[in-house]
Amino acid sequence: MSEELQKDYHDELNTLMVRRREELEHLRAAGVDPYPHGFERNASAKEILDTFKDEQPQWIVAAAGRIMSIRRMGKASFCHIQDMTGKIQSYLKKDDLGDAYDHFKLLDIGDIIGIEGYVFRTKMGEVSIHAQKVVLLSKSLRPLPVVKEKTDEQGNKVTFDPFSDKELRYRQRYVDLVVNPSVRETFIKRSMILRQMRSFLDEKNFLEVETPALQPIYGGASARPFSTHHNALDIPLYLRIADELYLKRLIVGGFDGVYEIAKDFRNEGMDRTHNPEFTMMELYVAYKDYIWMMELVEQMVHSIAQTLNHSAVVNLGENEINFTPPWQRLTMFGAIEKYTGKQLRGKNETELRSAAKELQIDLDPKIGSGKIIDEIFSVTVQPHLIQPTFIMDYPVELSPLAKKHRTEEGLVERFEGFVNGQEICNAFSELNDPLDQRARFEEQVRLRERGDDEAQTMDDDFLRALEYGMPPTAGLGIGIDRLVMLLTQQDHIRDVIFFPQMRPEK
RNA sequence: GAUCGCGUAGCUCAGCGGUAGAGCAUCUGCCUUUUAAGCAGAGGGUCGAUGGUUCGAGACCAUCCGCGGUCACCA
């Protein structure tokens, strides 16, 4: 490295990084382009390992990837390179490579190289590439965490010094992905889940659409929004907390089935199951109701599980979860009765409060009867809902956008799906009576005035749309991140989001 | 937001008042089928930051920053 460069970097770079910059200069001096423009590959690590047969004629492959380990033995070396499909070993010999072998000696773990050679099996039995050409494709200037693996006598993989610092893993997800193969697998599964969901919905001829993420009036859920400002219009705007009201406008507009997979944003706390931005799938289908929607959810989730694992069963800790339809169906009041012995249907607020007290549930004195029932439900019932279960028919106060129950006074046609004690979807027969909807909004406005800052706001344009007439419609929302957590056995939302929200560094 | 815990070499960690340590990685030498390669040697740190206590602080105290767990709010 030139003295100037060294001086420039000396204060801020550790010796490992200075060292790599020096190697870069040596390679350039030797006429090696450390950042060439491409490399023609014809095999992946996995293909080579899966298809190699010892008795086959010589098979020349060209593979590329990141160097993950090097074992140098004087005039010959072994290294492992890793591509998207896995790792493959390569054997490099001075006799075969000449000058290129000397250049190889300047390479490090983390560099990206291309290797051409024939596939063989080493004395120790590992399928490897006997290199005839090696070319540097990208010189790495930062040391990669070195994670070593060994296979013990029982055939189990033992990992040494895993890259495990959570802060580093999330801030530098690119490193996490390079070094922790299971992380890469989880995100590949996330993609497969989304792909299967789309193909399931597309096959039913539902139309994938896009609606505004920047909204002058936010609605469709009970949550606090992020707010921002549009300079040219000089108006406040909100990041959407849900797509619901826009998608229903599209049903008014004459589409029979629309869905959107999009980010929603909610300005609330973060924990195991909450990230401020998260992915939601919402689906609306004209001329259908919530009973129809339950069957669709069962089928869809089952088809996703099946595609992902070739099985309807997912192992989650001690539980074996079976997604095979039909799922258990319970009404909300029926479920509470099943797990507490108490029948709360038709009880007034005072009676509900005393029931809660008997169950040793502390309640906020401000909340009304709907929320009291919800609270009792989530404490006494929800943890028991391990196998996929639909809970149906919620109190009207909890659901200002859902249609009144066709027979049960005071309830709405709504269901939530629960798996492993967690909610995975929310759906209802959509409220399409414009006068009823206006009254529900007015009730929400009253709640807001009483200090409930999560109550929904009046949306006059949405009401205008309903006044033109919306067909009977079934609607559904599925939190994609939580579904992915379930199907990939991750217990933190951060582990299914590539770049979870973090405080900025420094 | 409240509360508890953590922050030491590139990575994973030990040290808990008395000269900053280990393994891997890195560098030098030897080594042409190794695989946590091996053998011999070497370098590498404002111990998260700032104040304080002390003859002396990585360690004790205070404040701040970052991360994590739990609770609250929520999907």
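Quick note on labels: first sequence line is chain A, next is B, and so on, each numbered from 1. Reckoned from all heavy atoms, side chains included, excluding hydrogens, waters and symmetry mates.
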**Message:** Using a 4.0 Å heavy-atom cut-off to protein, can you give one letter per nucleotide of nucleotides 25-30 of chain B, 5' to 3': B if the base is in contact, S if only the sugar-phosphate is, - if neither?
**Reply:** SSSS--
**Message:** Can you check the distance between B:A20 and B:U26, where both ends of the measurement are the P atom (answer in whole Å)?
**Reply:** 28 Å
**Prompt:** By side chain to side chain contact (heavy atoms under 4.5 Å, CB included), which residues pair with A:Ile112, not counting sequence neighbours?
**Reply:** A:Arg66, A:Leu137, A:Ser138
**Nearest-Å distance once atom P is located in both B:G56 and B:G52** = 12 Å
**Asked** Touch check for A:Asn275, heavy atoms < 4.0 angstrom, all strands: base, sugar-phosphate only, or nothing?
**Response** base
**Prompt:** Taking the side chain of A:Arg494 as heavy atoms from C-beta outward, which of B:C11, B:U32, B:G69 is closest to it?
**Reply:** B:G69
**Item:** Nearest-Å distance for atom pair CG/P, residues A:Asn180 and B:U12
**Value:** 10 Å
**Prompt:** What residues in residues 164-178 of chain A put a non-hydrogen atom under 4.0 Å from any atom of RNA chain B?
**Reply:** A:Ser164, A:Asp165, A:Glu167, A:Leu168, A:Arg171
**Prompt:** Taking atom P of B:U35 as reference, at what distance in whole Å does atom CZ of A:Phe160 sit?
**Reply:** 14 Å
**Message:** If you define the side chain from C-beta out and look only at heavy atoms, does anything of A:Asp374 sit under 4.5 Å from A:Met332?
**Reply:** yes
**Message:** What's the closest nucleotide to the side chain of A:Asp161 if the choices are B:C31, B:U12, B:C73?
**Reply:** B:U12
**Message:** The criterion is side chain to side chain contact (heavy atoms under 4.5 Å, CB included); which residues satisfy it with A:Ala455, sequence neighbours excluded?
**Reply:** A:Gln444, A:Leu447, A:Arg448, A:Asp452
**Message:** Tell me which nucleotide, if any, is Watson-Crick or G-U wobble paired with B:C71 when both distances must be under 3.5 Å.
**Reply:** B:G1
**Asked** Near RNA chain B, which residues from residues 376-384 of chain A have a heavy atom under 4.0 Å away?
**Response** none
**Prompt:** How is A:Lys94 classified with respect to the nucleic acid when contacts are heavy atoms under 4.0 Å: base, sugar-phosphate, or nothing?
**Reply:** nothing
**Request:** Tell me which nucleotide among B:C11, B:U32, B:C73 gets nearest to the side chain of A:Phe163.
**Result:** B:C11
**Complete:** Answer for the Watson-Crick or wobble partner of B:G58, both distances under 3.5 Å, is none
**Message:** Between P on B:A2 and CG on A:Asp271, what's the gap in Å once rounded to a whole number?
**Reply:** 17 Å
**Asked** Contacts to RNA chain B from residues 76-92 of chain A, heavy-atom cutoff under 4.0 Å, which residues?
**Response** A:Ala76, A:Phe78, A:His80, A:Gln89, A:Tyr91
**Pairwise C1' distance, B:A57 and B:C47 [rounded to whole Å]** = 11 Å
**Prompt:** Which whole number of Å gives the distance between the P atom of B:C61 and that of B:G29?
**Reply:** 49 Å
**Asked** Counting only distance, no hydrogens or angles, is the base of B:U34 paired donor-acceptor with the side chain of A:Thr122 under 3.5 Å?
**Response** yes
**Base-pairing assignment for B:G17 (Watson-Crick or G-U wobble, both under 3.5 Å)** = none
**Request:** Hey, can you tell me if A:Phe120 and A:Tyr91 have their rings parallel, tilted or perpendicular (30° and 60° cut-offs)?
**Result:** tilted
**By ring pair (Phe, Tyr, Trp, His ring centres under 6.0 Å) - contacts of A:Phe160 (at least two apart)** = none
**Message:** Students often get this wrong, so: under 4.0 angstrom with heavy atoms, is A:Arg503 touching a base, only sugar-phosphate, or nothing?
**Reply:** sugar-phosphate
**Complete:** Mate of B:U33 across any strand shown (Watson-Crick or G-U wobble, both atom pairs under 3.5 Å) is none
**Request:** Using the P atom as the reference point in each nucleotide, state the distance between B:U35 and B:C16 in Å, no decimals.
**Result:** 37 Å
**Message:** Please determine whether salt bridge (Lys or Arg N to Asp or Glu O under 4.0 Å) holds for the pair A:Arg446 and A:Glu443, giving the CA-CA distance in whole Å, both sets of side-chain angles, and the decisive distance to 0.1 Å.
**Reply:** CA-CA 5 Å; A:Arg446 277 194 289 281; A:Glu443 173 60 22; 3.0 Å; yes
**Request:** Only counting residues at least two apart or in another chain, list the ones meeting side chain to side chain contact (heavy atoms under 4.5 Å, CB included) with A:Met270.
**Result:** A:Asn275, A:Pro276, A:Gln501
**Asked** Please give, in whole Å, the distance from B:U34 P to A:His130 NE2?
**Response** 14 Å
**Item:** Atom-pair distance (NZ on A:Lys123; P on B:U32), nearest Å
**Value:** 12 Å
**Asked** To the nearest angstrom, how far is A:Tyr101 atom OH from B:U33 atom C1'?
**Response** 12 Å
**Request:** Can you sort out the partners of A:Tyr118 under ring pair (Phe, Tyr, Trp, His ring centres under 6.0 Å), two or more places apart, ordered by chain and number?
**Result:** A:His130
**Asked** Just how far, in rounded Å, is P of B:U32 from CZ of A:Phe120?
**Response** 16 Å
**Prompt:** Residues two or more places apart in sequence or in another chain: which of them pass salt bridge (charged side-chain N to carboxylate O under 4.0 Å, His left out) with A:Lys139?
**Reply:** A:Glu23, A:Asp108, A:Asp111
**Message:** By the 4.0 Å heavy-atom rule, please label A:Ser222 as base, sugar-phosphate, or nothing.
**Reply:** sugar-phosphate
**Message:** Cation-pi check for A:Phe498 against A:Arg190: NZ or CZ below 6.0 Å from the six-membered ring centre and within 45 degrees of the axis, yes or no?
**Reply:** no
**Message:** Roughly how many Å apart are B:A59 and B:U19, using the C1' atom of each and rounding to a whole number?
**Reply:** 16 Å
**Partners passing salt bridge (charged side-chain N to carboxylate O under 4.0 Å, His left out) against A:Lys46 (at least two apart in sequence or in another chain)** = A:Asp50
**Separation of B:A36 P from A:Met68 CE (nearest whole Å)** = 16 Å
**Fill in**
Applying the 3.5 Å cut-off to both distances, the Watson-Crick or G-U partner of B:C11 turns out to be B:G23
**Request:** Would you indicate what A:Glu149 reaches in the nucleic acid, counting non-hydrogen atoms under 4.0 angstrom: base, sugar-phosphate, or nothing?
**Result:** sugar-phosphate
**Prompt:** Hey, is the side chain of A:Arg71 poking within less than 4.0 Å of OP1 or OP2 on B:U34, counting only N and O atoms?
**Reply:** no
**Asked** Which is true for A:Gly269 with a 4.0 Å heavy-atom rule: it touches a base, it touches only sugar-phosphate, or it touches nothing?
**Response** base
**Prompt:** How would you label the contact of A:Lys263 with the nucleic acid (heavy atoms, under 4.0 Å): base, sugar-phosphate, or nothing?
**Reply:** nothing
**Asked** How far does the C1' atom of B:C39 sit from the matching atom of B:U46, given to the nearest Å?
**Response** 37 Å
**Asked** Taking the same atom, P, in B:C13 and in B:U28, what whole-Å distance lies between them?
**Response** 29 Å
**Prompt:** Does some side-chain heavy atom of A:Ile480 sit less than 4.5 Å from a side-chain heavy atom of A:Met197?
**Reply:** yes
**Prompt:** Does a nitrogen or oxygen in the side chain of A:His492 sit under 4.0 Å from OP1 or OP2 of B:G69?
**Reply:** yes
**Complete:** Paired to B:G66 by Watson-Crick or G-U wobble criteria (both distances under 3.5 Å) is B:C6
**Item:** Complementary nucleotide of B:U53, counting Watson-Crick and G-U pairs under 3.5 Å
**Value:** none
**Request:** Give, ordered by number, those residues of residues 53-66 of chain A having at least one heavy-atom distance below 4.0 Å to an atom of RNA chain B; if nothing qualifies, reply none.
**Result:** none
**Prompt:** Which nucleotide, in any strand shown, forms a Watson-Crick or G-U wobble pair with B:U28, with both distances under 3.5 Å?
**Reply:** B:A40
**Asked** Are any of the side-chain heavy atoms of A:Val183 and A:Arg169 separated by less than 4.5 Å?
**Response** yes
**Prompt:** Do any side-chain nitrogens or oxygens of A:Asn14 fall under 4.0 Å of OP1 or OP2 in B:G44?
**Reply:** no
**Message:** Given B:C11, B:C73, B:U34, identify the nucleotide with an atom nearest to the side chain of A:Arg224.
**Reply:** B:C73
